[in-house]
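Each remark here refers to the structure printed beneath this line.
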Amino acid sequence: VTATQIAVRNQGETPLGVLRVSATIAFGRVYVAPLLHKVVAQHPGLTGELILSDQLVDLEAQDIDLALRMTRVPPQDAVVRRLTTVQRVVCASPGYLAAHGTPVHPSELTQHQTLSYLMTDDHRWHLADPTGEEFVHTATSRLRFNSVECLVDAALAGLGIAIVPMYLANPLVRAGRLVAVLPEFVSHTQFGSHLYACYTPSRVRIAKVRVMLQALTELLEPVPPWMR
């Protein structure tokens, strides 16, 4: 079967060929990998490829059918669908809080070990209170990670307080392994708070993209799994 024949068939109803999906590392491993397996299992003509990276991917150059991005500004040259909201939680282990106390205001964070995520701006935390007033805190820990999963591991190990996406934090908070602190303060990052599906205009009518989008919608609506 030639690439042209697959392209022609993909304009129809049957998903065929390679479905190449990009996602951030932690979200992709926990949620997208199992979903892609399910989609491929349901459609015998599909082969799934999952590209995990916390860096922005080039949809055209890397031949990505569908990219999942947490970004404040979705790409201008892509078709974009907002899938869900991803909030973040300030949290620490029960052991850390028992030893060091629980901050009740961002101004108290200077007395704590606060962990830094290298993908954010200059190791600063931006926390807003219910009135919208923002408090900026510079992370104090000498440990810095470019991996959200390493950040979670450090918090679980009692090494300090971290800002963690809710899709990773909520199950751990429910299990009692992490405790949410400063719950009335909202964390703002350069990534914004929305998860988008992005794809090139040439893929709008392609069946393999449609079935993946449908599966993502069923997974994340009306409430994403980490909020149930």
Side-chain angles (χ1 to χ4, degrees), residues 21 23-39 50 52-54 68-70 83-106 108-109 111-120 123 125-130 135 137 139-189 191-195 215-228:
V21 179
T24 56
I25 294 168
F27 185 82
R29 184 180 67 80
V30 177
Y31 294 101
V32 185
L35 190 66
L36 185 59
H37 168 72
K38 187 175 159 188
V39 169
L50 181 58
L52 296 184
S53 174
D54 288 337
L68 299 177
R69 290 181 175 169
M70 289 173 208
L83 294 172
T84 192
T85 300
V86 179
Q87 302 291 2
R88 291 167 181 83
V89 185
V90 182
C91 54
S93 71
Y96 175 88
L97 297 173
H100 302 282
T102 302
V104 295
H105 190 272
E108 296 172 27
L109 290 171
Q111 301 154 36
H112 287 270
Q113 288 295 301
T114 48
L115 298 157
S116 181
Y117 180 50
L118 283 168
M119 306 292 280
T120 53
H123 317 297
W125 290 11
H126 297 264
L127 299 170
D129 71 10
F135 301 87
H137 164 75
T140 56
S141 173
R142 290 184 291 118
L143 282 173
R144 297 168 178 173
F145 306 98
N146 78 335
S147 158
V148 179
E149 289 169 305
C150 285
L151 201 65
V152 172
D153 289 343
L156 287 169
L159 302 182
I161 303 174
I163 296 177
V164 178
M166 219 170 246
Y167 62 80
L168 291 178
N170 264 15
L172 295 167
V173 170
R174 279 199 290 267
R177 298 181 65 201
L178 288 177
V179 177
V181 298
L182 304 173
E184 67 275 27
F185 291 86
V186 176
S187 165
H188 295 295
T189 77
F191 306 109
S193 58
H194 300 299
L195 175 69
L216 283 161
T217 302
E218 288 168 5
L219 174 71
L220 297 169
E221 292 180 0
V223 178
W226 58 87
M227 297 298 288
R228 289 172 200 157

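What's counted below: heavy atoms across the whole structure, side chains too, no hydrogens, waters or symmetry copies. Here the structure is a predicted model, which means the values were calculated and not measured.
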### Task
Dump the intermediate steps for side-chain contact (heavy atoms from CB on, under 4.5 Å) on V86 and W226, then the final yes or no.
CA-CA 10 Å; V86 179; W226 58 87; 4.3 Å; yes
### Task
For residues S147 and C150, report the shortest heavy-atom separation together with the two atoms involved.
OG-N, 3.1 Å
### Query
Taking all atoms of both residues into account, what is the closest heavy-atom pair of G192 and R88, and its distance?
O-NH1, 2.9 Å
### Task
Only counting residues at least two apart or in another chain, list the ones meeting side chain to side chain contact (heavy atoms under 4.5 Å, CB included) with R174.
N170, P171
#### Entry: Pair L115-R144, side-chain contact (heavy atoms from CB on, under 4.5 Å): steps then yes or no
CA-CA 6 Å; L115 298 157; R144 297 168 178 173; over 6 Å; no
### Query
Does a side-chain heavy-atom distance below 4.5 Å link L178 with V89?
no
#### Entry: Residues, nucleotides or ligands: over 12 heavy atoms within 6.0 Å of H37 NE2
no
### Message
Are L220 and P225 packed together at the side-chain level, in the sense that at least one heavy-atom pair is separated by less than 4.5 angstrom?
### Response
yes
### Query
Looking at A92 and G160, what are the two nearest heavy atoms and their distance?
CB-O, 3.9 Å
### Message
Can you tell me how the ring of H100 sits relative to the ring of H112, calling it parallel under 30°, perpendicular over 60° and tilted otherwise?
### Response
perpendicular
### Query
Which atom pair, heavy atoms only, marks the closest approach of V148 to P165?
CG1-CD, 3.5 Å
### side-chain contact (heavy atoms from CB on, under 4.5 Å) evaluation trace for Y117 with I163
CA-CA 8 Å; Y117 180 50; I163 296 177; over 6 Å; no
### Task
Assess whether side-chain contact (heavy atoms from CB on, under 4.5 Å) is satisfied between L109 and L127, documenting all intermediate values.
CA-CA 11 Å; L109 290 171; L127 299 170; 3.9 Å; yes
### Message
For the CG atom of L83 and the CZ atom of R69, what is their distance to the nearest 0.5 Å?
### Response
13.0 Å
### Message
To the closest 0.5 Å, what do you measure between SG (C91) and CE (M166)?
### Response
10.0 Å
## Note on the structure
The reported gap from CG in L182 to CG in D129 (rounded to nearest 0.5 angstrom) is 11.5 Å
### Message
Would the distance check show the side chain of D54 and the main-chain N or O of I25 forming a donor-acceptor pair, the cut-off being under 3.5 Å?
### Response
yes
### Summary
In short, R177 meets P94 closest at the heavy-atom pair O-CD, 3.3 Å
### Message
Rounded at 0.5 Å granularity, tell me how far NE2 in H137 sits from NE2 in H123.
### Response
12.0 Å
### Task
Could you tell me which non-hydrogen atom of A154 sits nearest to which non-hydrogen atom of F145, and how far apart they are?
CB-CE1, 3.8 Å
### Message
If I take atom OG1 from residue T102 and atom CG from residue L97, how far apart are they, to the nearest 0.5 angstrom?
### Response
4.0 Å
### Task
Check whether any side-chain N or O of T140 sits under 3.5 Å from a backbone N or O of T114 as a donor-acceptor pair, and report yes or no.
yes
### Query
Side chains of L151 and L168: closer than 4.5 Å at any heavy-atom pair?
no
### Query
Can you check whether L159 reaches S141 side chain to side chain, under 4.5 Å on heavy atoms?
no
### Summary
In this structure, CD of Q113 is separated from CZ of R142 (nearest 0.5 Å) by 8.0 Å
### Query
Got P106 and F185 here, is their nearest side-chain heavy-atom distance under 4.5 Å?
yes
### Query
Quick one: does Y31's side chain have a donor or acceptor within less than 3.5 Å of a partner on Y167's backbone?
yes
